[in-house]
Amino acid sequence: TSEITATHPRPLQSKDRAKELFHVLNEGILKSRIGLMTSDVFKEQRKANIEGFRVGRLWVLISTDLMARGIDFKGVKLVINYDMPTTMIGYIHRVGRTGRAGRKGNAITFFTNEDKPILKTLGNLLKASGCPVPDWILGLKKAKKEEMRNWERRPLVRDGIGQRQEADPEFASKMNI
C-alpha cells in the first residue's frame, strides 16, 4: 500500500538493549528497513534514520527513551514498547508517538514477571483513559510508593534479547499462555 502501516518505534530501556534488538531484527525480513536511534549513533546517521522513517524507507525505528523524546512523526500507527517503561510519564511519552492529530493509533507493551509492580499502575492509567484493561491486570497487587521510586531510579537489569524466561504459572494462566 502507499500508506506506511508498518512503522514501529520501539523504545527500549538502554542503548545496549536497543543495539541488541537492532542486530536481532536486522538479520531477517526487516534487513535494511530498520533504523537505530541511540546516543552511540552519529548525528548524521540519526538524521538519516529520521528522514528514512519519515519517507517510509525505514519501517521500524528502534530507540531509547531519551532519543525518542521530542521526535514527531505523522502517520505512526503502532508503537511497541519492547521494555516496560519505568514511569507512567515515560509510558505517555512513548505511546504519544502514535495516534497524533486525531488519528487512531495503537501501542503494545511487552512485560515480564518482574514488571508486575508497575503493571497495575499502567492498567489504572489506561482504564482512566478509557482503554480496555483485562480484569487480571487491575486485580494485581498495588506497588508501594517506595517500590515505584526504586523502579524509576534503578530500572530492571534484563536478560539479553532472545533469551527465554520461564513464565510465572499464575501470571501465564491469567494471560491464557
Side-chain angles (χ1 to χ4, degrees), residues 1-101 103-116 118-119 122 126 151-152 154-168 171-172 175 177:
T1 65
S2 62
E3 192 171 304
I4 300 170
T5 57
T7 55
H8 310 294
R10 294 173 179 249
L12 277 102
Q13 185 174 309
S14 72
K15 61 185 175 183
D16 292 334
R17 286 183 59 75
K19 284 189 271 188
E20 189 177 357
L21 181 60
F22 174 80
H23 291 298
V24 167
L25 294 178
N26 204 28
E27 294 291 317
I29 195 166
L30 294 175
K31 192 170 189 134
S32 79
R33 294 292 194 165
I34 187 167
L36 179 64
M37 297 287 291
T38 70
S39 60
D40 287 350
V41 175
F42 290 113
K43 188 175 183 178
E44 296 79 24
Q45 185 60 50
R46 289 196 308 260
K47 283 182 177 181
N49 286 345
I50 289 170
E51 183 59 22
F53 192 70
R54 276 205 171 100
V55 300
R57 279 192 314 272
L58 296 179
W59 296 348
V60 176
L61 190 59
I62 297 174
S63 178
T64 58
D65 279 333
L66 187 60
M67 294 306 295
R69 290 198 179 194
I71 299 174
D72 189 19
F73 296 106
K74 292 180 182 172
V76 173
K77 296 180 184 203
L78 178 64
V79 170
I80 299 172
N81 290 309
Y82 193 85
D83 289 338
M84 173 73 91
T86 58
T87 67
M88 292 306 100
I89 291 172
Y91 178 83
I92 292 166
H93 277 288
R94 287 180 182 193
V95 301
R97 305 288 135 225
T98 184
R100 294 203 171 229
R103 293 185 177 104
K104 292 195 179 220
N106 293 296
I108 296 170
T109 301
F110 296 133
F111 55 89
T112 66
N113 298 331
E114 290 78 19
D115 294 312
K116 282 185 202 179
I118 202 167
L119 190 57
L122 176 57
L126 292 172
W151 192 270
E152 291 177 34
R154 283 176 253 127
L156 287 175
V157 176
R158 298 184 184 272
D159 290 337
I161 291 174
Q163 292 182 354
R164 186 168 170 84
Q165 285 190 341
E166 291 301 315
D168 176 330
F171 219 27
M175 293 187 301
I177 295 177

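Residues: numbered from 1 along the sequence shown. These numbers were taken from a predicted model, which means no experiment stands behind them.
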Margin query: Go through it in stages, so that I can follow the logic: the residues are Val95 and Asn81, the test is side chain to side chain contact (heavy atoms under 4.5 Å, CB included), and I'd like the CA-CA distance, side-chain angles, deciding distance and then a yes or no.
Written below: CA-CA 8 Å; Val95 301; Asn81 290 309; 3.9 Å; yes
Check: What heavy-atom pair brings Ile34 and Asn26 nearest, and what distance separates the two atoms?
Finding: CG2-OD1, 3.2 Å
Next item on the list: Please list, chain by chain and in numerical order, all residues satisfying side-chain hydrogen bond (donor to acceptor under 3.5 Å, both in side chains) with Gln45, sequence neighbours excluded.
Entry: Asn49
Item checked: Separation of Leu78 CG from Ile108 CD1 (nearest 0.5 Å) -> 4.5 Å
Item checked: Non-hydrogen atoms of Pro85 and Gly90 that approach each other most closely -> CB-C, 4.2 Å
Item checked: Spacing of Arg46 atom CZ and Ser39 atom OG [to the nearest 0.5 Å] -> 7.5 Å
Margin query: So, taking the atom named CD1 in Ile62 and the one named CG in Leu25, what distance separates them when rounded to the nearest 0.5 Å?
Written below: 5.0 Å
Next item on the list: Determine yes or no for a side-chain-to-main-chain donor-acceptor pair under 3.5 angstrom, with Arg57 supplying the side chain and Arg33 the backbone.
Entry: no
Next item on the list: Mind checking the CG-CG spacing from Leu119 to Leu122? Nearest 0.5 Å is all I need.
Entry: 6.0 Å
Item checked: With Ile50 via side chain to side chain contact (heavy atoms under 4.5 Å, CB included) - residues at least two apart -> Met37, Arg54, Ile71, Phe73
Notebook entry, point to check: Going from CG on Asp83 to OG1 on Thr64, what distance comes out if it is rounded to the nearest 0.5 angstrom?
Noted result: 11.0 Å
Next item on the list: Walk me through it: do Phe53 and Val76 pass the test side chain to side chain contact (heavy atoms under 4.5 Å, CB included)?
Entry: CA-CA 10 Å; Phe53 192 70; Val76 173; 3.9 Å; yes
Checklist line | Distance in Å, Thr109 OG1 paired with Leu126 CG, rounded so as to fall on 0.5 Å steps | finding: 7.5 Å
Checklist line | Distance-minimising heavy-atom pair for Thr38 and Ala18 | finding: CG2-CB, 3.8 Å
Check: Do Met84 and Thr112 touch side chain to side chain, with heavy atoms closer than 4.5 Å?
Finding: no
